[in-house]
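Working notes, structure below.
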Amino acid sequence: MSYLVTGGRVISPRDGIDERSDVLIDGGHIETIGQGLSAKGAERVDATGLIVCPGFVDLHAHLREPGREDEETIASGSDAGAAGGFTALCAMPNTQPVADSASIVEKVWALGREAGTLQVVPAGALSVGLEGERMAAYGAMATSAARVKLFTDDGHGVQDAGFARRAMEYLVAFDGIYAEHCEDAGLAAGGHMHEGERSSSLGLRGVPAAAEEIMAARDIDLCRLTGCRLHLLHISTARTVELVRRAKDEGLPVTAEATPHHFALTDELVESYDPNAKVNPPLRTDEDCAAIRAGLADGTIDAIATDHAPHAPEEKELDFASAPPGMIGLETALAITMTELVQPGVLSLDAAIDLLSARPAAILGLDEQGSIAQGRAANVAIFSPDERWTVDPNAFRSKSRNTPFAGREVVGRVRYTFFEGRLVYSGVAE
Ligand code: NCD
Ligand code: ZN
């Protein structure tokens with residue numbers, strides 16, 4: 001099947017492209033980019049008024065399979081991703097069983113291929129069972145069919161600095177990425193939201209910003225010691241942004257991601273006691289939120305990642321303190337980015353697309369992602385930059401509904417997603 005995408009504004013930051021062009025997709029590849037193209041037998045996709053860009057790459061998504069297929073599966077999560085404009089995502093290893101061996105990551109990878117809606121890139125655990133004690137089989141996971149690049153105990157921070165150092169020393173040998181969920185367990189123990197004035201007035205135990213910052217600072221020191229690539233997951237505080245900025249100034253191989261909820265929401269939302277506002281790390285203050293925006297704008301933060309974390313309704317319907325942390329994000333990431341960053345002028349459209357596609361693709365070394373040049377695999381998102389819509393979780397492809405953005409009016413909507421030249425998502429304009 002071939003497609004002729006006509007009249008759109010084609011933006012590919014990595015290729016230096018920003019022009020009104022037609023795009024011919026054929027045989028899984030970008031065949032031609034140019035004006036006034038025609039192609040016999042190709043299906044026409046009218047992209048007038050739309051942005052045509054590289055498909056998005058999510059460094060952080062929880063697909064819950066194996067183990068919690070009631071919350072999400074690799075197939076449903078892939079569909080949700082495609083509806084959000086994603087053509088690749090990194091699947092976190094905190095499944096049941098944990099993805100800490102070649103056989104589990106290969107299974108996740110194979111299920112991703114079978115679903116065929118986007119590129120599922122499995123992450124491997126740093127420690128066996130996420131217990132922080134014994135190193136998982138990094139080499140076997142890296143050389144398996146899944147070709148694991150990124151290793152993390154996400155959901156938990158690695159508490160033992162000696163373990164973290166040994167893991168980095170091991171990973172540096174094959175250019176693996178040590179990815180940290182920065183959370184000191186002692187400081188975070190029993191906390192349900194950001195520790196500050198609001199947690200006191202709401203009577204909820206808080207997690208101090210220092211629980212994140214202490215581990216980020218420690219890991220940056222260990223990165224300097226070992227030379228291992230370090231990626232900081234879902235950073236949420238002003239000081240963590242500053243730590244990353246300084247590490248980059250020093251030339252250390254450190255990267256960081258931030259989520260839409262951490263640049264769009266603050267702990268004020270917890271006043272509703274809505275369990276959908278509960279997440280790890282917690283929603284922080286206005287000042288932290290502003291620092292995340294500034295870090296995205298000046299290049300300190302490398303990627304917008306969703307931390308898509310589906311949870312079953314019976315778990316999220318508990319009271320705030322009993323509910324598990326996490327919120328879904330694949331189907332709202334573009335709209336929250338457009339509404340909160342591009343519309344107010346924090347980011348240019350070009351920079352936003354770069355943070356959603358080319359830069360995360362480069363971190364994972366995904367050659368077939370993050371680019372829309374001639375001859376490349378046709379992994380493409382097409383979206384309306386100005387369509388207004390209201391977030392309705394019941395319309396999501398995800399199996400879960402736990403979003404704090406329900407009912408919000410947002411701007412920016414994905415219309416079509418192509419994966420390897422196939423039209424895997426097509427949404428209608430309202
Ligand atoms: C994530 C989950 O539910 O797996 N929860 C969350 O609050 N972010 C784990 C994680 O990313 O830390
Ligand atoms: Zn995490």
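Numbers here are sequence positions counted from 1. The shown structure was predicted, so the numbers you read here are calculated from the model rather than taken from an experiment. Atoms within each ligand, like the ligands themselves, are counted from 1 in listed order.
Counting heavy atoms from C-beta outward, Asp307 and His60 have side chains that approach closer than 4.5 Å. Looking at heavy atoms from C-beta onward, Arg408 lies out of side-chain contact with Thr390 at the 4.5 angstrom threshold. Contact of the Leu232 side chain with the Glu257 side chain is not registered, since no non-hydrogen atoms from C-beta on lie closer than 4.5 Å.
Interface of Val279 with ligand 1, defined as ligand atoms under 4.0 Å from a residue heavy atom, comprises 7 (O). In summary, the atoms of ligand 1 found under 4.0 Å from a heavy atom of His311, numbered by their order in the structure, are 3 (O). Of all atoms in ligand 1, numbered sequentially from 1 with element shown, those under 4.0 Å from a heavy atom of His60 are 11 (O). Set against the non-hydrogen atoms of His234, the atoms of ligand 1 under 4.0 Å away are 11 (O), 12 (O). Within ligand 1, the atoms closer than 4.0 Å to a non-hydrogen atom of Arg64 are 2 (C), 3 (O), 4 (O), numbered from 1 in the order shown. Interface atoms of ligand 1 facing Gly326, defined by a heavy-atom separation under 4.0 Å, are 5 (N), 6 (C), 7 (O). Counting the atoms of ligand 1 from 1 in the order shown, those under 4.0 Å from a heavy atom of Ala309 are 1 (C), 2 (C), 3 (O).
For atom 11 (O) of ligand 1, the closest heavy atom belonging to the protein is Asp154 OD2, 2.8 Å. The protein atom (non-hydrogen) at minimum distance from atom 5 (N) of ligand 1 is Pro325 O, 3.3 Å. The nearest protein atom to atom 7 (O) of ligand 1, hydrogens excluded, is given as Asn280 N, 2.8 Å; this is a heavy-atom distance. Nearest protein heavy-atom contact of atom 8 (N) of ligand 1 is Asp307 OD2, 2.7 Å. Of the protein's non-hydrogen atoms, the one nearest atom 1 (C) of ligand 1 is His62 NE2, 3.7 Å.
For the ligand labelled ligand 1, residue Met327 lies outside the 4.0 Å heavy-atom shell. Not a single heavy atom of Lys278 sits less than 4.0 Å from an atom of ligand 1.
Side-chain contact annotation: Gln369 with Gln119, donor-acceptor N/O pair under 3.5 Å present. Between the side chains of Arg284 and His194, a donor-acceptor pair is found at a separation under 3.5 Å.
Listing protein N, O or S atoms at distances below 2.8 Å from the Zn ion (ligand 2), with waters left out, gives Asp154 OD1, His181 ND1, His234 NE2.
Comment: Asp160 does not engage Arg165 in a salt bridge, judged by the lack of any side-chain N to carboxylate O separation of less than 4.0 angstrom. Ion pairing between Arg224 and Asp221 holds under the 4.0 Å rule for side-chain N and carboxylate O. A salt bridge is defined here as a Lys NZ or Arg NE, NH1 or NH2 lying under 4.0 Å from an Asp or Glu carboxylate O, and Arg239 with Asp288 fails to meet this definition. A salt bridge between Arg205 and Glu195 is absent, with no side-chain N of the basic residue lying under 4.0 Å from a carboxylate O of the acidic one. Ion pairing of Asp354 with Arg14 is absent here, as no side-chain N (NZ or NE/NH1/NH2) approaches a carboxylate O to less than 4.0 Å. Using a 4.0 Å cut-off between a side-chain N of Lys or Arg and a carboxylate O of Asp or Glu, Arg388 and Glu409 qualify as a salt bridge.
The proximity of Asn94 to ligand 1, defined as any non-hydrogen pair under 4.0 Å, is limited to the side chain.
For an aromatic pair to be called close, the ring centres must be under 6.0 Å apart, and His181 with His234 satisfies this. Note: Tyr138 and Phe151 meet the aromatic proximity criterion, with ring centroids under 6.0 Å apart.
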